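Structure record follows, encoded as structure tokens.
All ligand and atom numbering here is 1-based and tracks the order in the structure. Both backbone and side-chain heavy atoms feed into the values below; hydrogens, waters and symmetry mates do not. Here the structure is a predicted model, which means the values were calculated and not measured.
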Amino acid sequence: MGDALGAPFEFSREGAFSARFPAPDGDGEMCGGGGWDPGEATDDTQMAVHVAESLLERDGLDLPDLFARFQRWVTDGPKDVGLQTEDVLTNGLPWDLAAAIHFQTTHRAAGNGSLMRAATSAVYFAHAGRQATMNAARRIAALTHGDSAAWEGTAIYHELIRVALDGGDLLAAIPDTLDELDPDHRDRYAVVLAPDWHPEQATEFNGAVWPCLGSAVWALRTTGSFEQALRAALDLGGDTDTVAAVTGGLAGASYGLSAIPIRWTEPLHVPLPGSGGRTLRLPDLLDLAERLDQGCAESVVGL
Ligand SMILES: [Mg+2]
């Protein structure tokens, strides 16, 4: 939802969404633009669906299968793809080396591209408990992101969604979650996830993993509904589709399906390159979510 709302506002200035839609709008907020149709989801959701389908069809984590799906997707010409993700998926190296070697040569691999696609795997692994869901997040992130900062950020996201789906308060779970991190990354995440942090204090563009996750948590913390959380994220500008997608995962797990306005779910659709031309609509996405929610119990043993 956040992805589709944010896509037309990618790289916009702060406040652009509310300037255009000062109040909840009957049918206008899924407005399209910038090459996107109204309600069209982007690479964030497309990759998340590929993650979901791999987990369900392979009955668990099959990293070579997932990497091959990502490669088919990128070869099929998605409208958008992150620079780093595209490099890793097209550099010709095998699944277990492509991201690591990309990182060794570029030293830049802490984008938000592994975080943006993690809502589906977070639902799937939620029943498996804290350690298992955080480890699964790290391994999926590492397929495209060689910097372990991206692994840890995605691991936090998995765990916060697990807590929320379990009926807990994900904001209250942040200190315990930070304790589970690689100590090398703990301090930097503690800064962006602190109760008094504001996205204006970010030291990087919000296309980087730390401010992206921090902004999503801030949007949830400072608002009181799914709709308000997404609006806050969209109004940050910058990498709006991804920041709002990440926010949507947290807000969806916290507030539930009934909190999502029908005027947003109605036009939502996910064209899926690499799938033989399928486009997923709300019933397909709901079905996927239900199967993810049931899917993991046995398959994660040994993770
Ligand atoms: Mg995108």
Side-chain angles (χ1 to χ4, degrees), residues 1-13 16-17 29-53 66 69-90 108-122 140-141 143-145 150 153-154 157 199 204-213 215-216 219 229-231 233-252 264 267-275 278-281 285 288:
M1 202 66 60
D3 180 18
L5 285 165
F9 293 90
E10 195 173 10
F11 307 121
S12 65
R13 69 188 192 288
F17 184 82
E29 294 146 315
M30 280 286 187
C31 57
W36 304 101
D37 294 332
E40 181 178 2
T42 80
D43 52 331
D44 308 48
T45 310
Q46 292 168 2
M47 293 191 86
V49 169
H50 279 304
V51 170
E53 293 187 341
L66 182 50
R69 286 173 196 253
F70 285 166
Q71 286 183 312
R72 284 199 294 276
W73 168 77
V74 84
T75 305
D76 201 15
K79 282 187 186 176
D80 196 14
V81 52
L83 290 176
Q84 176 182 324
T85 295
E86 184 173 22
D87 280 355
V88 169
L89 294 176
T90 58
R108 292 178 61 85
N112 58 15
S114 69
L115 183 61
M116 74 181 192
R117 62 174 191 241
T120 49
S121 48
I140 298 171
L143 278 179
T144 50
H145 289 63
T154 311
Y157 189 65
E204 306 86 9
F205 176 62
N206 60 18
V209 63
W210 308 276
C212 181
L213 182 63
S215 296
L230 259 61
R231 182 175 280 270
L234 292 161
D235 272 334
L236 292 173
D239 194 5
T240 44
D241 60 327
T242 294
V243 175
V246 172
T247 303
L250 298 177
W264 291 355
L268 181 67
H269 60 286
V270 188
L272 193 62
S275 75
R278 280 185 292 143
T279 294
L280 288 82
R281 294 184 182 276
L285 297 168
L288 205 57

Parallel under 30°, tilted from 30 to 60°, perpendicular over 60°: which one fits the rings of H50 and W73? perpendicular

With a cut-off of 2.8 Å, which protein N/O/S atoms are close to the Mg ion (ligand 1), if we only count those under it? T42 OG1, D43 OD1, D44 OD1, D241 OD2

Under a 4.5 Å cut-off applied to non-hydrogen side-chain atoms, are L250 and Y157 in contact? yes

Can you tell which of D3, L268, D241 makes a side chain to side chain contact (heavy atoms under 4.5 Å, CB included) with T45? D3

For E10, check salt bridge (Lys or Arg N to Asp or Glu O under 4.0 Å) against everything at least two apart and list the hits. none

Looking at Q46 and L272, would you say the former's side chain and the latter's main chain have a donor-acceptor pair under 3.5 Å? no

Check each of L288, L285, T279 against V270 using the side chain to side chain contact (heavy atoms under 4.5 Å, CB included) test, and report the only one that passes. L285

